[in-house]
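Accompanying notes for the structure given below.
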Protein chains: 2
Amino acid sequence: MGIIRKTQSIELLLSEFSNSTGAISAIELIKRLSAKVNKTTVYRVLDKLEDDGVVHSFLDKSGIKWYAKCNSCTHAQHFDSHPHFQCLNCGKVDCLEIEVALPNIPNRQVEVSQILIQGNCESCSK
Amino acid sequence: MGIIRKTQSIELLLSEFSNSTGAISAIELIKRLSAKVNKTTVYRVLDKLEDDGVVHSFLDKSGIKWYAKCNSCTHAQHFDSHPHFQCLNCGKVDCLEIEVALPNIPNRQVEVSQILIQGNCESCSK
DNA sequence: TTACTTTTGCAACTTAGTTGCGTTAACAAA
DNA sequence: TTTGTTAACGCAACTAAGTTGCAAAAGTAA
């Protein structure tokens, strides 16, 4: 569907993404904005932002949803196939700006792939 | 903790895995065994089987848990880093017996990685 | 300002998985 | 074979993330 009106909730959500480098979980966003935006609205706005190619989403290992700004996604094409890195120590999640070459898989047509890497991030592995 | 007693529930769960090639979702197992085993027990047995290296688990794109027999896992070492393939048409999920080489990631220590590939399986892409 | 329609908040719901606790059933020892 | 121990089980109640329906509020074009 996409965004039609620039509302307050949308501005608030977008500014959360502007003020952050890594990914943010839906739950974290709901928590941060709880005073100003209802959780249903947060989920709905995130859906639309993803639909418009403004953000992309993925699940971490415990099944909760994370969102991050897209660098080069549009509504038509989602370049969200980069790996995501989650620090097991501090919990921070980032998009890795690298390409992972998947080997050809016999007799199967690949549509989407999702790579989640867990370990220790830069600050936590010192 | 691991399995100490060979109970009926464990036998039932194990036979489900023996009679199947691909992965099976926890929900599917609960459904199949609903007449004989309580869902709490299914979850608990799966935990233990995973603990013992008999099966390994992963999440699909909608966040639900899948289990598959391990070919070469032990309690000490889980070789569950192969990719998983989920057919978007028939829903079937398989372990792919291939290695995916992850590029080195600067300044980060990789502990675990999880690769989920979605597309059309052999039977569905004809 | 009006009229229209999107967006929002609320409450209630859904679904997967978890927890606490009293009961049942493996199984080793007698 | 029986008994005692305790792992494993079933049940009900709970948790947490996310969804739905609907009436009210807020954008926006005219």
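Letters go in sequence order (proteins before strands), and every chain restarts at 1.
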*Shortest non-hydrogen contact from W66(A) to G91(A)?*
CH2-O, 3.7 Å

_I need the CD1-C1' distance between I27(A) and dT15(D), as an integer number of Å._
12 Å

*When all nucleic acid strands are considered with a 4.0 Å heavy-atom cut-off, which category describes I30(A): base, sugar-phosphate, or nothing?*
nothing

*asked:* When the axes are fitted on five pairs at both termini, how much does the helix from dT1(C)-dA30(D) to dA30(C)-dT1(D) curve, in 10° steps?
replied: 30°

*OP1 or OP2 of dG27(D) less than 4.0 angstrom from a side-chain nitrogen or oxygen of T7(A), does that happen here?*
no

*Could you check how far CG of L12(B) sits from P of dA8(D), rounded to whole Å?*
16 Å

*Atom pair distance, as rounded to whole Å: CG in L59(B) and P in dT15(C)*: 19 Å

*Heavy-atom distance under 4.5 Å between the side chains of H82(B) and L96(B), does that happen here?*
no

*State, yes or no, whether a side-chain contact exists between Q86(A) and K92(A) at a heavy-atom distance under 4.5 Å.*
no

*asked:* What is the separation between atom NZ on K36(A) and atom C1' on dT7(C), rounded to the nearest whole Å?
replied: 19 Å

*Would you kindly check whether a donor in the side chain of R44(A) faces an acceptor in the base of dG9(C), or vice versa, at under 3.5 angstrom?*
yes

*Can a side chain N or O of N38(B) be found less than 4.0 Å away from OP1 or OP2 on dC11(D)?*
yes

_Rounded to whole Å, how long is the line connecting atom CD1 of I64(B) with atom C1' of dT14(C)?_
15 Å

_Check this for me: does the side-chain of K6(A) come within 3.5 Å of the base of dG27(D) through a donor and an acceptor?_
no

_hbond_proxy R5(A) side chain to dT6(C) base (donor-acceptor, 3.5 Å cutoff)_ = yes

*May I have the distance from L46(A) (atom CG) to dT8(C) (atom C1'), rounded to whole angstrom?*
15 Å

_Among dT8(C), dC9(D), dG18(D), the nucleotide that comes nearest once only the side chain of S9(B) is considered_ = dC9(D)

*Expressed in angstrom and rounded to an integer, what is the separation of E11(A) atom CD from dT7(C) atom P?*
13 Å

*Are L102(A) and S113(A) close enough that some pair of their side-chain heavy atoms sits under 4.5 Å apart?*
yes

*Begin with the C-alpha distance, continue with both residues' side-chain angles, and end with the deciding distance and a verdict on side-chain hydrogen bond (donor to acceptor under 3.5 Å, both in side chains) for E111(B) and Q118(A).*
CA-CA 6 Å; E111(B) 296 277 334; Q118(A) 291 183 307; over 6 Å; no

*Indicate the atoms forming the closest heavy-atom contact of L59(A) with S62(B), along with that distance.*
CD1-C, 3.8 Å

*Taking the side chain as C-beta and beyond, is there a heavy-atom pair between Y67(A) and V54(A) under 4.5 Å?*
no

*Starting at atom CG of L29(B), determine the distance to atom P of dG17(C), rounded to an integer number of angstrom.*
11 Å

_V37(A) or Q8(B), whichever maps to the more 5' nucleotide of DNA chain C_ = V37(A)

*Classify the side chain of K39(B) versus the base of dG10(D) as yes if they form a donor-acceptor pair under 3.5 Å and no if they do not.*
no

*asked:* Side chains of C95(A) and H56(A), heavy atoms from C-beta outward: is any pair under 4.5 Å?
replied: yes

*From dT6(C), dT8(C), dA17(D), pick the nucleotide closest to the side chain of I4(A)?*
dT6(C)

*Report yes if a side-chain nitrogen or oxygen of Y43(A) is closer than 4.0 Å to either non-bridging phosphate oxygen (OP1 or OP2) of dT19(D); otherwise report no.*
no

